[in-house]
Amino acid sequence: GKARVRLIHVSPDAGAVDLQANGGENLFEGVEFESDTDYREVDAGSYQLALLGNADAQVGAATLDARPGRVYDLVAVGLASSGSL
């Protein structure tokens, strides 16, 4: 009943980011530009994801429907300043 996820950060103006799930738990913290995280196991299910930048301001959002046995690469791409992240 588990899936694996990681975050790849390629947004040049977002600074270090955190990835928060369902308005609470941080899946990843302090991920720097041009870096990626190790994979993390999560329970299968639906997640509302928020990408948080400086001062915990939300700079991006997505929904992940994690299926058991699957592997997901989440990529933060675009620009925070233009709202395209």
Side-chain angles (χ1 to χ4, degrees):
K2 300 281 186 181
R4 292 174 19 135
V5 299
R6 75 173 175 158
L7 178 61
I8 302 166
H9 180 2
V10 292
S11 173
D13 71 341
V17 297
D18 299 341
L19 184 67
Q20 188 179 79
N22 298 333
E25 176 187 8
N26 279 345
L27 296 177
F28 303 106
E29 295 180 340
V31 182
E32 298 286 340
F33 173 58
E34 293 187 326
S35 66
D36 60 354
T37 65
D38 291 332
Y39 284 99
R40 175 179 174 167
E41 284 193 343
V42 296
D43 292 328
S46 184
Y47 293 88
Q48 296 301 313
L49 302 175
L51 194 65
L52 306 176
N54 296 330
D56 291 333
Q58 184 170 322
V59 293
T63 299
L64 172 66
D65 291 318
R67 300 170 103 190
R70 298 280 177 108
V71 177
Y72 298 91
D73 293 324
L74 309 173
V75 182
V77 63
L79 297 173
S81 60
S82 69
S84 66
L85 187 66

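Residue numbers run from 1 in the order of the sequence given. Remember, it's a predicted structure, so these values are computed and weren't measured experimentally.
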Checklist line | Side chain Ser84, main chain Gly78, donor-acceptor under 3.5 Å | finding: no
Margin query: Which residues pass the salt bridge (Lys or Arg N to Asp or Glu O under 4.0 Å) test with Asp73, not counting sequence neighbours?
Written below: Arg6
Note to self: Using every non-hydrogen atom in the two residues, find where Ser35 and Val31 come nearest and quote the distance to one decimal.
What the structure shows: OG-CG1, 3.7 Å
Next item on the list: Could you state whether Leu64 and Val17 fall into the same hydrophobic cluster, counting links through intermediate Ile, Leu, Val, Met, Phe, Trp or Tyr residues with side-chain heavy atoms under 4.5 angstrom apart?
Entry: yes
Note to self: Looking at every non-hydrogen atom in both residues, tell me the closest pair between Tyr47 and Ala21 and how far apart they are.
What the structure shows: CD2-CB, 3.9 Å
Note to self: Taking side chain to side chain donor-acceptor pair (under 3.5 Å) as the definition, give me every residue that meets it alongside Glu29, ordered by chain and number, with sequence neighbours left out.
What the structure shows: Asn26
Next item on the list: Report the residues that fulfil side chain to side chain donor-acceptor pair (under 3.5 Å) with Asp56, sequence neighbours left out, ordered by chain and then residue number.
Entry: none
Next item on the list: Could you tell me which residues satisfy salt bridge (Lys or Arg N to Asp or Glu O under 4.0 Å) with Asp18, sequence neighbours excluded, listed by chain and number?
Entry: none
Notebook entry, point to check: If every non-hydrogen atom of Phe28 is compared with every non-hydrogen atom of Thr37, which pair is closest and at what distance?
Noted result: CE2-OG1, 3.3 Å
Margin query: Run the salt bridge (Lys or Arg N to Asp or Glu O under 4.0 Å) test against Glu34 and tell me which residues pass, sequence neighbours left out.
Written below: none
Next item on the list: Please report the shortest heavy-atom distance between Leu49 and Leu27, naming the atom on each side.
Entry: CD2-CD1, 4.1 Å
Next item on the list: Please write out which residues are connected to Tyr39 in a hydrophobic cluster, directly or through intermediates, given that two of Ile, Leu, Val, Met, Phe, Trp, Tyr count as joined at side-chain heavy-atom separations below 4.5 angstrom.
Entry: Val71
Margin query: Which residues pass the side chain to side chain donor-acceptor pair (under 3.5 Å) test with Ser81, not counting sequence neighbours?
Written below: Asp13
Next item on the list: Check Phe33 against Ser11 and note the closest heavy-atom contact, atom names and distance.
Entry: CD1-O, 3.4 Å
Next item on the list: Give every residue pair that meets the salt bridge (Lys or Arg N to Asp or Glu O under 4.0 Å) criterion with at least one member in residues 60-69, sequence neighbours excluded.
Entry: none
Item checked: Sequence-distant partners of Gln48, side chain to side chain donor-acceptor pair (under 3.5 Å), two or more places apart -> Thr63
Margin query: Which residues pass the side chain to side chain contact (heavy atoms under 4.5 Å, CB included) test with Asp38, not counting sequence neighbours?
Written below: none
Check: With sequence neighbours excluded, what pairs up with Val59 under the side chain to side chain contact (heavy atoms under 4.5 Å, CB included) test?
Finding: Leu51, Ala80, Leu85
Next item on the list: Using the test salt bridge (Lys or Arg N to Asp or Glu O under 4.0 Å), find all partners of Arg40 that sit at least two apart in sequence or belong to another chain.
Entry: Glu25
